[in-house]
Each structure stands twice: as C-alpha cells, then as structure tokens.
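Data first, discussion second: the structure below is written as structure tokens.
Residue numbers start from 1 in every chain, and the chains themselves are labelled A, B, ... in the order their sequence lines are given, proteins ahead of strands.
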Amino acid sequence: MCGRFTLSYKSKELQLELGLPESQLDWQPRYNIAPTQPIASILRAETKKIEFLRWGLVPGWAKDIEIGNRLINARSETIMEKPSFRNAFARRRCLILADGFYEWKKAKMKGAPSQPYYFHLEDKKPFALAGIWEIWHAPDGSELWSIAIITCEANEILKPVHDRMPVIFDKNQMFNWLEDRPQIELVEMMQPYNTEKMKSYMVGKAVNSPFNDTPACIEEKKQSGLLLIKSRSFNAPIV
DNA sequence: CCAGACGTTGTT
DNA sequence: GTCTGG
DNA sequence: CCAGACGTTGTT
DNA sequence: GTCTGG
C-alpha cells in the first residue's frame with residue numbers, strides 16, 4: 001500500500017524536471033506527507049496545472065467527510081467495479097507528484113514495532129503516482145476535492161517489505177494516464193514499476209509520526225550493531 | 001419494496 | 001447515486 | 001501508513 | 001480493540 005510519501009522538490013525544480021508550465025504556486029519541501037493532507041496533483045493533460053487535493057477519497061454518496069479517511073488507496077485489480085471508484089476511474093484520473101514513498105515491514109514478533117523503508121527512483125528524480133479524484137458536495141454546500149492513490153502488486157524491490165505498492169509513472173509515461181484511452185490500455189498501465197530503476201533503504205522512526213516532516217525522515221538508518229554481528233557470525237564465522 | 005453497504009490494510 | 005441482500 | 005484517543009457528570 | 005486524525 002502507500003500511506004506516506006515525499007515531495008522534496010520545490011515547485012521551480014519540479015517544473016523544470018517534469019516540463020510543467022510556469023506557475024505561481026510554491027511550497028516547502030515535504031518529507032512526510034500523510035493522509036487527509038493536501039497533495040500536489042495534476043488533473044488535466046491540457047493544462048498540466050498543479051492543484052492541491054485532500055488525500056482520502058470522499059465518494060459522492062458520502063454523508064460525512066470521515067469516509068475518506070480510510071479510502072487513501074484504490075486497488076488496481078478492482079477499481080473498475082467498485083461503486084466508490086469506478087466513475088472516477090473512467091473520468092477523473094490524475095497524477096500525484098512525488099519523489100519517494102515509505103512502506104513499513106511488519107515485525108515477526110507480535111507487538112514489536114514495524115520497520116519503515118524509503119523507496120525512490122535510482123536517479124532520485126520526481127515521478128507521479130497514479131490516482132483518481134472526486135468532488136464531494138458537503139452538507140453546508142461547500143465542495144471538497146479529494147484523491148486516492150492506486151496500488152498494485154509489489155515488484156521485487158518492494159516484496160521483502162510489503163506486498164503492495166503504488167502505481168508509478170516516470171515523466172515519460174505520466175501524461176498518458178490523463179488521456180482518454182480504451183479501458184484495456186488504462187488497465188495495462190497499472191503495473192508494478194521496473195525494479196531495476198528503483199532503490200530503497202531503511203529509515204529511522206521519525207517518519208512514524210505525521211508531525212515530523214523534516215529531512216530526518218529520509219535519513220538512512222544503518223543496520224544495528226547487534227544485527228551486524230549476528231549476520232557476520234552467521235555468514236562468515238571468525239577464524 | 002426498503003435497508004444498508006459502498007473501501008483498504010493487516011491481523012486473527 | 002447505485003447495487004446487494006432480505 | 002502510524003499515533004493517539006477512546007466518556008460522562010458536575011464542579012471549580 | 002477500534003476508531004479518528006494527520
């Protein structure tokens with residue numbers, strides 16, 4: 001799944017890297033973007049304009065915004081059938097701008113904390129996550145624009161950590177996702193990204209709290225001394 | 001017909 | 001809103 | 001995704 | 001344990 005990600009690029013650099021039109025928008029680098037927060041998205045291929053939508057899709061039928069708090073992901077395998085997602089999939093696909101994301105590996109021991117890992121492209125370039133968006137009309141008459149990130153099976157670099165991952169598009173493919181295309185082509189686009197072009201490493205517990213949003217979240221955590229000694233003695237006993 | 005779900009994740 | 005279950 | 005709350009009454 | 005909030 002995908003429950004936290006980063007966008008450490010500032011708007012100017014991101015525009016240059018992805019060939020986006022100039023915009024007045026500006027933001028601080030983000031190292032720990034969490035559900036319910038506004039996320040940078042592109043809804044239309046024609047304008048490539050960046051807009052911020054709430055992460056957590058609130059379906060049109062919802063009576064309450066809280067329903068969106070758990071709809072942060074949509075499974076690519078079933079997105080066409082689900083009442084909450086299928087209309088958005090057909091008509092409201094979007095890109096979510098990112099340069100990395102986190103996944104947690106569950107501890108084998110019950111109650112032990114999960115270990116977070118950071119995933120990014122080998123060249124550290126920005127990319128897009130596949131998404132769908134929706135407009136919800138609140139009871140008070142206001143509009144809420146919200147988003148879900150599409151997930152697929154994990155590729156080989158994710159598998160040791162987690163069995164799901166977000167659908168990733170690099171800058172060469174991303175705008176195809178926004179075009180009107182036959183459904184079969186859209187389905188084929190929702191595939192695990194090329195493992196060879198990704199990297200990952202362990203990070204510390206800073207990322208666990210959504211209140212921590214600093215470069216400390218993406219700092220590499222070296223394997224602990226205890227684990228090093230264990231693996232060394234296991235693999236290469238001292239003579 | 002009306003009532004109630006509609007979603008993902010992980011865990012048991 | 002729309003579909004499923006009773 | 002993880003962190004943190006989770007409840008009522010009456011009184012100060 | 002389960003739900004809400006970020």
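Contact annotation for A:Pro59: no contact, since no heavy-atom pair falls under 4.0 Å across all strands. In this structure, A:Arg86 reaches the sugar-phosphate backbone alone: every heavy-atom distance under 4.0 Å involves primed, P, OP1 or OP2 atoms, never a base. Note on A:Asn212: nothing from the nucleic acid sits closer than 4.0 angstrom, heavy atoms only.
Considering only side-chain atoms of A:Pro210, the nucleotide from B:dG7, C:dT2, D:dA3 that sits closest is D:dA3.
Residues A:Asp213 and A:Arg30 are paired through a salt bridge, judged by an N-O separation under 4.0 Å between the basic side chain and the carboxylate. Between A:Glu17 and A:Lys124 there is no salt bridge, since no side-chain nitrogen of the basic residue lies less than 4.0 Å from a carboxylate oxygen of the acidic one.
Stacking between A:Tyr102 and D:dC1 is absent: the aromatic ring centre is not both under 5.5 angstrom from the base six-membered ring centre and within 30 degrees in plane angle.
Note on ring orientation: taking the six-membered ring where Trp is involved, the planes of A:Trp177 and A:Phe169 are tilted (angle from 30° to 60°).
Dashed line: the shortest gap from a side-chain N or O of A:Arg75 to OP1 or OP2 of B:dT9 is under 4.0 Å.
A cation-pi arrangement is not found for A:Lys105 relative to A:Tyr117, the charged atom failing to lie both closer than 6.0 Å to the ring centre and inside a 45° cone about the ring normal.
Taking atom P on both nucleotides, B:dC2 is separated from E:dG6 by 39 Å, rounded to a whole Å.
As the counterpart of B:dA5, C:dT2 is assigned, both hydrogen-bonding distances of the Watson-Crick or G-U wobble pattern falling under 3.5 Å.
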